[in-house]
Q: 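There's a structure below that I have some questions on.
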Amino acid sequence: MLSLLASAAASDPIQWAELGLKPGIEIGSFTLRYYSLAYLGGLLFAYWHLSKMLRAPGAPMAQRHADDLFFYCTLGIILGGRLGYAMFYDPALFTSFEGNGFVSYRLLRLWDGGMSFHGGLMGVLAAIAYVSWRGELSFLRVCDYIAVNVPVGMMLGRLANFINGELWGRVITVPSEVPWAMVFPGGGPLARHPSQLYQAALEGAILIVILLYAFWRTRARYRPGLLVGIFTTGISLGRFVSEFFREPDAQLADFARESGLSMGQWLTIPLIVLGIAVMARALIRRPLASGTTGDPAPA
């Protein structure tokens, strides 16, 4: 990190290759990749913090429901994220067979990369819907409690992308005007935006502060939909803005050029509208008198 700050003060762009970053931890002949650790870290934090939230007043579910959510949401993230990526970004994955190793079907080769935020979101919503239906819980209130914990995983995932030197940003026309301009080995000799760090901040760090404050320091938990509305609006706006600096997927570069926006931005616009609508509904309706029931507070 010190080398990064020192290089930022110079006029020449930062060379990512000189930062000494490695994709993972070498354990004998096995590499424990930071991207996998990011997923694991995000899920473990979510489980720990959700359990802590359930011990506070107003919880809409019990610890056994958190245990179920941990399993089904993990499944939803993996399946939804991969299927969403194939559907929205690379349909060829459904029919391609290549690569070395035991698994040649590209759709199942998760280690080659390719996960979609929007697909993962749909997978998590399906998991929440199932657990809520089975446990006779309020779907919206469960979403509120889950939403508070998601940005930590998003931040860790984007930091892992940076460490891996992948998903770099667009070319910077005048690198000297952007002190943190960076040259990535896979991006050619031109300086680019380290858009992974922008996303880590916009989709992760900022939302972590806002949502943790809203849950622990306000009565937002008693307004069904407010927390998930803040999350949906915030992460969607963050994604929309950061996409202006992120290099589009190679197979969708022409689409972004012709439509004026990237695929990620087009998919994010409905989420921004939905998030604002959910927040407005939560603020208009009377808050709950208690988190254990759906009864409104007395007038």
Q: Return each pair, listed once, that meets salt bridge (Lys or Arg N to Asp or Glu O under 4.0 Å) where at least one residue sits in residues 68-79; pairs must be two or more places apart or across chains.
A: Asp68-Arg134
Q: Assess, by modelled atom type and distance only, whether the side chains of Trp266 and Ser259 contain a donor and an acceptor separated by less than 3.5 Å.
A: yes
Q: Which heavy atom in Ile230 sits nearest to a heavy atom in Leu207, and how many Å separate them?
A: O-CD2, 4.2 Å
Q: Please write out which residues are connected to Leu190 in a hydrophobic cluster, directly or through intermediates, given that two of Ile, Leu, Val, Met, Phe, Trp, Tyr count as joined at side-chain heavy-atom separations below 4.5 angstrom.
A: Val171
Q: What residues form a ring-ring contact (aromatic ring centres under 6.0 Å, His included) with Phe215, not counting sequence neighbours?
A: Tyr145
Q: Using 30° and 60° as the class boundaries, would you call the ring planes of Phe184 and Phe162 parallel, tilted or perpendicular?
A: perpendicular
Q: Could you pull out all residues at least two apart from His193 that satisfy ring-ring contact (aromatic ring centres under 6.0 Å, His included)?
A: Tyr198, Phe245
Q: Would you confirm whether Thr233, through its side chain, and Ile276, through its main-chain N or O, come within 3.5 Å as a donor-acceptor pair?
A: yes
Q: Which ILVMFWY residues are connected to Val209, directly or by a chain of links, through side-chain heavy atoms under 4.5 Å apart?
A: none
Q: Go through the structure and list residues passing side-chain contact (heavy atoms from CB on, under 4.5 Å) with Ala280, not counting sequence neighbours.
A: none
Q: State, to 0.1 Å, how close Ser262 and Ala256 come at their nearest heavy-atom pair, and which atoms those are.
A: CA-CB, 4.0 Å
Q: Tell me every residue that passes ring-ring contact (aromatic ring centres under 6.0 Å, His included) with Phe244, counting only those two or more places apart in sequence or in another chain.
A: Phe240
Q: List the atom pairs, with distances to 0.1 Å, where a side-chain N or O of residues 51-60 and a protein N or O form a donor-acceptor pair under 3.5 Å, not counting sequence neighbours.
A:
{"from": "Ser51", "atom 1": "OG", "to": "Tyr47", "atom 2": "O", "distance (Å)": "2.8"}
{"from": "Ser51", "atom 1": "OG", "to": "Gln63", "atom 2": "OE1", "distance (Å)": "3.3"}
{"from": "Ser51", "atom 1": "OG", "to": "Gln63", "atom 2": "NE2", "distance (Å)": "3.1"}

Q: Could you tell me which residues satisfy ring-ring contact (aromatic ring centres under 6.0 Å, His included) with Tyr72, sequence neighbours excluded, listed by chain and number?
A: Tyr130
Q: Listing request: all salt bridge (Lys or Arg N to Asp or Glu O under 4.0 Å) pairs with a residue in residues 173-194, at least two apart in sequence or in separate chains.
A: Arg192-Glu247
Q: Only counting residues at least two apart or in another chain, list the ones meeting salt bridge (charged side-chain N to carboxylate O under 4.0 Å, His left out) with Arg223.
A: none
Q: List for me each residue that meets salt bridge (charged side-chain N to carboxylate O under 4.0 Å, His left out) alongside Asp67, sequence neighbours excluded, and say none if there are none.
A: none
